[in-house]
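First listed ligand is number 1; within each ligand, the first listed atom is number 1. Computed over heavy atoms, backbone and side chain alike; hydrogens, waters and symmetry mates excluded. For reference, positions follow the sequence shown, starting with 1. Note that the structure is a prediction, hence the values are computed from the model and not measured.
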Amino acid sequence: MTMIILDEPLAKITSVGVGGKCKKIFMPEDEEEFINLLNSFEENQESYKVIGNGTNLLFSDDFHDFYVISTRKMTKKMSKRENYLTFSASASLFDCYNFALKHSLSGFERLAHIPGNVGGAISSGASCYGTAIFDRLEQVKIYHNKKIKMLNKNDIEKGYHFSCFLKNDLTHPFVILSAKFLLEKSYKCNIYKTYLDIASKRRLSQPIGKSYGCTFKNYNGQSSGMLIEKCGLKGAKKGGAQISNEHANFIINKNNATFEDFVFLIELAKQKIKSNFDIDLDEDVEIIK
Ligand SMILES: Cc1cc2nc3c(=O)[nH]c(=O)nc-3n(C[C@H](O)[C@H](O)[C@H](O)COP(=O)(O)OP(=O)(O)OC[C@H]3O[C@@H](n4cnc5c(N)ncnc54)[C@H](O)[C@@H]3O)c2cc1C
């Protein structure tokens, strides 16, 4: 296998299926190829954005004057030492859960259904049903400006659906290569049961269809989906996009929706919530104009 280089719209590599072209999309196959690529972008002072599975991103339909490196095709590396597990940035949260389950280690079973990979999940501060990716995180190996170094958990600025990696700009970003987690011994049947419980909760509450997950962060513990529902916006449509009838914090790409369709519905929800509840909602999805 050699590195894939695409000259396609970003819509092809985002879960919501929206986004215009960029300079090129690179999909390295392993860490060595990834680092060579990063070195060459750094040397040539190129602007670039590293992405994971593309499940929390809304790119505009315009041309993006930078390169995109997607880690989704990279070899997934997983290793264990005592109760410490180390995963490459490209491992999906489901891979992490599976590997942990094999070793009777608990910690990923609530996160396993989030469709991101380790790099994307740490960067976006993924969490689900009271468990955050940071809860078990010990160390992150990063690349920055042609150097590789380790960051301890306390060196990483983090919060609810936030991390310092989200402040990355397009020149000299801090790139996650791998991460080490400390898990807890448990019984396989308990780990598996929690996994199944969360799966059925998610199946009942989350819509099927092309999306980037939740549009807004919850506000002081209040569900943004509930606030949007109270504004009567469930099912609201613009072009090919629709606010989900099942979960109002999801906007679904029903039929070739454009970036503008999404932005219209996002702004509509924000305005209604401001006027009805005097609340300013923050976007959970990363919007790249
Ligand atoms: C159906 C659905 C359900 C979802 N449910 C949840 C949920 O329950 N909880 C939740 O928190 N989220 C949820 N999400 C959103 C999303 O899956 C998470 O935010 C996920 O962690 C993003 O991971 P990703 O690999 O797709 O990252 P991407 O979307 O590819 O990238 C996200 C950010 O991370 C950066 N990034 C990616 N890789 C690296 C790297 N190696 N180094 C530095 N920066 C990097 C990107 O530049 C970008 O800024 C859901 C999404 C969908 C589509």
Side-chain angles (χ1 to χ4, degrees), residues 10 13-19 22 25 27-28 31 34-35 37-38 47-59 64 66-74 76 87-96 108 110-135 140-144 151 156 158-170 172-179 198-199 201-203 205-218 225 244 246-247 249-253 283-288:
L10 289 156
I13 55 159
T14 57
S15 54
V16 70
V18 173
C22 63
I25 302 167
M27 292 181 165
E31 193 176 290
F34 186 32
I35 290 171
L37 195 59
L38 296 171
S47 300
Y48 64 96
K49 183 169 177 67
V50 175
I51 71 166
N53 285 345
T55 61
N56 201 38
L57 301 172
L58 180 63
F59 285 99
H64 298 271
F66 52 82
Y67 293 98
V68 166
I69 308 177
S70 159
T71 59
R72 68 163 67 183
K73 298 272 185 213
M74 276 170 61
K76 298 160 203 309
F87 299 102
S88 57
S90 54
S92 70
L93 296 185
F94 181 73
D95 294 327
C96 299
F108 276 101
R110 289 170 184 273
L111 301 170
H113 311 84
I114 300 174
N117 68 22
V118 167
I122 293 173
S123 175
S124 61
S127 67
C128 169
Y129 293 104
T131 300
I133 188 78
F134 303 126
D135 295 353
V140 176
K141 185 166 89 171
I142 61 153
Y143 171 101
H144 178 58
L151 293 182
I156 299 168
K158 48 196 177 299
Y160 164 59
H161 289 194
F162 169 78
S163 84
C164 46
F165 298 100
L166 285 181
K167 292 186 191 165
N168 268 337
D169 53 30
L170 299 169
H172 316 308
F174 292 81
V175 177
I176 298 164
L177 299 176
S178 64
I198 300 288
K201 277 190 189 158
R202 289 177 72 100
R203 237 189 334 267
S205 63
Q206 290 193 0
I208 295 169
K210 289 202 254 176
S211 79
Y212 43 67
C214 286
T215 304
F216 299 105
K217 293 181 184 177
N218 288 331
S244 165
E246 289 108 71
H247 189 319
N249 206 7
F250 278 65
I251 303 178
I252 307 294
N253 181 355
E283 282 88 2
D284 203 4
V285 55
E286 186 178 332
I287 299 177
I288 302 129

S.K.: Decide whether the shortest distance between a heavy atom of Y129 and an atom of ligand 1 is less than 4.0 Å.
M.R.: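 Per 4.0 Å heavy-atom rule, Y129 does not contact ligand 1.
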
S.K.: What protein heavy atom lies closest to atom 5 (N) of ligand 1? Include the residue and the distance to one decimal.
M.R.: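 Nearest protein contact, heavy atoms only, for atom 5 (N) of ligand 1 is R202 NH2, 3.0 Å.
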
S.K.: What protein heavy atom sits nearest atom 46 (C) of ligand 1, and how far away is it?
M.R.: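 Going by distance alone, atom 46 (C) of ligand 1 is nearest to V50 O, 3.2 Å.
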
S.K.: What atoms of ligand 1 come closer than 4.0 angstrom to any heavy atom of S15?
M.R.: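 Ligand 1 atoms under the 4.0 Å threshold to S15: 53 (C).
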
S.K.: Numbering the atoms of ligand 1 from 1, which are under 4.0 Å from a heavy atom of H161?
M.R.: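 In order of number, 11 (O).
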
S.K.: Does any N or O of ligand 1 fall below 3.5 Å from an N or O anywhere on C128, backbone included?
M.R.: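 Such a contact does not occur with ligand 1.
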
S.K.: Examine distances only and state if a side-chain atom of Y212 and a backbone atom of T14 form a donor-acceptor pair shorter than 3.5 Å.
M.R.: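 No; judged by distance alone, with no hydrogens or angles, the pair does not exist.
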
S.K.: List the closest protein heavy-atom neighbour of atom 23 (O) of ligand 1: residue, atom name, distance to the nearest 0.1 Å.
M.R.: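 Scanning the protein heavy atoms, the shortest distance from atom 23 (O) of ligand 1 goes to G116 CA, 3.3 Å.
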
S.K.: Does any N or O in the side chain of S244 come within less than 3.5 Å of the main-chain N or O of H247, such that one atom is a donor and the other an acceptor?
M.R.: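 The answer is yes, because a donor-acceptor pair under 3.5 Å joins these two groups.
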
S.K.: Show which atoms of ligand 1 fall inside a sub-4.0 Å distance from at least one heavy-atom site of I51.
M.R.: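 The list of qualifying atoms is 30 (O), 37 (C), 38 (N).
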
S.K.: Under a 4.0 angstrom heavy-atom cut-off, which atoms of ligand 1 come close to A121?
M.R.: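 Contacts of ligand 1 toward A121, numbered from 1: 21 (O), 23 (O).
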
S.K.: Classify the contact between S127 and ligand 1 as side chain, backbone, both or neither, using a heavy-atom distance cut-off of under 4.0 Å.
M.R.: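 Contact part for S127 vs ligand 1: backbone (N, CA, C, O).
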
S.K.: What closest approach, in Å, do A199 and H113 show between heavy atoms, and which atom pair accounts for it?
M.R.: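 Closest approach of A199 to H113: CB-NE2, 3.3 Å.
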
S.K.: I'd like to check whether K49 has a polar contact with ligand 1, where a contact means an N/O of the residue lying under 3.5 Å from an N/O of the ligand.
M.R.: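 Looking only at distances, the answer is yes, because the N/O contact criterion of under 3.5 Å is met.
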
S.K.: Give the numbers and elements of all ligand 1 atoms closer than 4.0 Å to a heavy atom of G52.
M.R.: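 Going through ligand 1 atom by atom, the ones under 4.0 Å from G52 are 25 (O), 28 (P), 30 (O), 37 (C), 38 (N).
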
S.K.: If I take atom OG from residue S123 and atom CD1 from residue I51, how far apart are they, to the nearest 0.5 angstrom?
M.R.: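 Taking OG in S123 and CD1 in I51, the distance rounds to 11.0 Å.
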
S.K.: Using a 3.5 Å distance criterion without hydrogens, assess whether the side chain of S211 forms a donor-acceptor pair with backbone atoms of I251.
M.R.: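 Pair absent, no side-chain N/O of S211 close to backbone of I251.
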
S.K.: May I ask whether Y212 places a heavy atom under 4.0 Å from ligand 1?
M.R.: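 Distance cut 4.0 Å: Y212 passes for ligand 1.
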
S.K.: Do L57 and L10 have side chains that get closer than 4.5 Å, going by heavy atoms?
M.R.: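 No - every pair of side-chain heavy atoms lies 4.5 Å or more apart.
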
S.K.: Is there a donor-acceptor pair under 3.5 Å between the side chain of N249 and the backbone N or O of C214?
M.R.: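 Looks like no, no N/O pair under 3.5 Å.
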
S.K.: With no hydrogens and no angle check, is any side-chain donor or acceptor of K76 less than 3.5 Å from a backbone partner on D95?
M.R.: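 Checked: no pair found.
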
S.K.: Taking side chain as C-beta onward, heavy atoms only, is F34 less than 4.5 Å from V50?
M.R.: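 Yes, side chains in contact.
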
S.K.: At a 4.0 Å threshold, what atoms of ligand 1 neighbour a non-hydrogen atom of G213?
M.R.: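 In order of number, 2 (C), 50 (C), 51 (C), 52 (C), 53 (C).
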
S.K.: Starting from atom 16 (C) of ligand 1, what is the nearest protein heavy atom, named by residue and atom, and what distance separates them?
M.R.: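 Ranked first by proximity to atom 16 (C) of ligand 1 is T55 OG1, 3.2 Å.
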
S.K.: Looking only at distances, please establish whether an N/O atom of ligand 1 is found under 3.5 Å from an N/O atom of G54.
M.R.: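 Looking only at distances, the answer is yes, because the N/O contact criterion of under 3.5 Å is met.
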
S.K.: Just let me know how L166 lines up against ligand 1, side chain, backbone, both or neither, with a heavy-atom cut-off below 4.0 Å.
M.R.: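 Near ligand 1, L166 shows its side chain, while the N, CA, C and O stay back.
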
S.K.: For the residue pair F174 and H144, does the interplanar ring angle fall in the parallel (under 30°), tilted (30 to 60°) or perpendicular (over 60°) class?
M.R.: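 Taking H144 first and then F174, their aromatic rings lie parallel (interplane angle under 30°).
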
S.K.: Record the part of E286 in heavy-atom contact with ligand 1 below 4.0 Å; permitted values are side chain, backbone, both and neither.
M.R.: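 It is the side chain that gets close, since no backbone atom is under 4.0 Å.
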
S.K.: Which residue and atom name correspond to the protein heavy atom nearest atom 27 (O) of ligand 1, and how close is it?
M.R.: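 Heavy-atom neighbour on the protein nearest atom 27 (O) of ligand 1: G120 CA, 3.3 Å.
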
S.K.: For residues I35 and L177, determine if any side-chain heavy atom of one lies less than 4.5 Å from a side-chain heavy atom of the other.
M.R.: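 Counting from C-beta outward, I35 and L177 do come under 4.5 Å.
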
S.K.: When you compare the side chain of T131 with that of F108, does any pair of heavy atoms fall below 4.5 Å?
M.R.: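 They are not in contact (no side-chain heavy atoms under 4.5 Å apart), so the answer is no.
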
S.K.: I'd like to check which ligand 1 atoms, numbered from 1 as shown, lie under 4.0 Å from a non-hydrogen atom of F174.
M.R.: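 Close to F174: 43 (C).
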
S.K.: Which of the atoms in ligand 1, numbered in the order shown and given with their element, are less than 4.0 Å from a heavy-atom of N53?
M.R.: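 Matching atoms, with element in brackets: 24 (P), 25 (O), 26 (O), 30 (O).
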
S.K.: How close does the nearest protein non-hydrogen atom get to atom 19 (O) of ligand 1, and which residue and atom is it?
M.R.: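 Residue, atom and distance for the closest contact: S124 OG, 3.0 Å.
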
S.K.: Of all the non-hydrogen atoms in the protein, which one sits nearest to atom 18 (C) of ligand 1, and at what distance?
M.R.: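 Ranking protein heavy atoms by distance from atom 18 (C) of ligand 1, first comes I114 CG2, 3.8 Å.
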
S.K.: In the structure I gave you, are the side-chain heavy atoms of I122 and F134 within less than 4.5 Å of one another anywhere?
M.R.: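 With C-beta onward as the side chain, the pair touches.
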
S.K.: What protein heavy atom sits nearest atom 29 (O) of ligand 1, and how far off is it?
M.R.: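 Closest protein heavy atom to atom 29 (O) of ligand 1: N56 N, 2.9 Å.
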
S.K.: Is there a side-chain contact between L93 and I133 in this structure, where contact means two heavy atoms from C-beta onward sitting under 4.5 Å apart?
M.R.: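 Yes, side chains in contact.
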
